[in-house]
Amino acid sequence: LAVMGSMTWLDFSDNHIGDEGAIALAPALKFMGSMTALDFSRNNIGDAGAIALAPSLAVMGSMNTLCLNANNIGDDGASAICALLPHMEALNHLEIDQPNNHYSSAVASQIRSSFLGKELFV
């Protein structure tokens, strides 16, 4: 992946990569600054995977669509994603649904507050 820096869309959905896969992919994603859409839906990614992905996502300045539906993300992982949202200015579509992800209503409120005026599926 690291040599594919000009790739703009990547769909990992339904691959069941889990935390281990997300942790393994995260370093390579840092080199994909032109990415506009990334789909990690239905992969059983938990907190450890989301936390590992967050720094890589933060450097994707062109990202406008991020899908993390139907994983296993809890409060810690969702909070890591939430913390980067203000820095992802191009991001206008986020899917990080409940109840498939298991973060609390308090974290859901934080996500909503960080993503005002944009398309959000929580």
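Numbers for residues simply follow the sequence, beginning at 1.
- Thr8 is linked by a side chain to side chain donor-acceptor pair (under 3.5 Å) to nothing, counting only residues two or more places apart in sequence or in another chain.
- In the hydrophobic clustering of this structure, Met60 groups with Phe12; members are Ile, Leu, Val, Met, Phe, Trp, Tyr whose side-chain heavy atoms approach within less than 4.5 Å, directly or through other members.
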| request: Please lay out, stage by stage, how Ile45 and Asp19 fare under the test side-chain contact (heavy atoms from CB on, under 4.5 Å). | output: CA-CA 5 Å; Ile45 296 170; Asp19 285 333; 4.0 Å; yes
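- Pairs passing the salt bridge (Lys or Arg N to Asp or Glu O under 4.0 Å) check and including a residue from residues 48-75, sequence neighbours excluded, do not occur.
- Interatomic distance, Ile96 CD1 to Asn69 CG, rounded to the nearest 0.5 Å: 8.5 Å.
- Screening Leu94, Leu57, Thr36 against Met63 for a side-chain contact (heavy atoms from CB on, under 4.5 Å) leaves a single residue, Leu57.
- Among all heavy-atom pairs drawn from Ala58 and Leu84, the shortest one is CB-CB, 4.3 Å.
- Cluster membership check: Ile73 shares its hydrophobic cluster with Leu25, using side-chain heavy-atom separations under 4.5 Å among Ile, Leu, Val, Met, Phe, Trp and Tyr.
- Qualifying side chain to side chain contact (heavy atoms under 4.5 Å, CB included) partners for Glu119, counting only residues two or more places apart in sequence or in other chains: His93, Phe121.
- For the atom pair Leu38 CG and Ser13 OG, the distance stands at 10.5 Å (nearest 0.5 Å).
- Pairing each heavy atom of Ala54 with each of Ala80, the nearest pair is CB-O, 3.9 Å.
- The two atoms that bring Leu29 and Ser56 nearest to each other are CB-CB, 3.8 Å, heavy atoms only.
- Nearest heavy-atom pair, Ile51 versus Gly77, reported as atom, atom and distance to 0.1 Å: CG1-CA, 4.1 Å.
- In this structure, Asn101 contributes its side chain and Ala78 its backbone to no donor-acceptor pair below 3.5 Å.
- Using a 4.5 Å heavy-atom cutoff, the side chains of Asn100 and Asn71 are not in contact.
- Among all heavy-atom pairs drawn from Tyr103 and Asp97, the shortest one is OH-C, 3.7 Å.
- Hydrophobic clustering, with ILVMFWY side chains joined whenever heavy atoms are under 4.5 angstrom apart, keeps Ile81 apart from Ile23.
- Asn92 places no side-chain N or O within 3.5 Å of a backbone atom of Lys118 that could act as its donor or acceptor partner.
- Here the CD atom belonging to Gln110 is positioned 7.5 Å from the OG atom belonging to Ser104, to the nearest 0.5 angstrom.
- Identified under the salt bridge (Lys or Arg N to Asp or Glu O under 4.0 Å) test for residues 30-51, with sequence neighbours left out: Asp14-Arg42.
- For Ala37, the side chain to side chain contact (heavy atoms under 4.5 Å, CB included) criterion is met by Trp9, Thr65, not counting sequence neighbours.
- Partners of Asp76 under the side chain to side chain donor-acceptor pair (under 3.5 Å) rule, at least two apart in sequence or in another chain, do not exist in this structure.
- Between the side chain of Asn15 and the backbone N or O of Ile17, no donor-acceptor pair lies under 3.5 Å.
- The two residues Gly33 and Ser62 have their closest heavy-atom pair at O-OG, 3.6 Å.
- When side chains are defined from C-beta on, Leu85 counts as touching Leu91, because their heavy atoms get closer than 4.5 Å.
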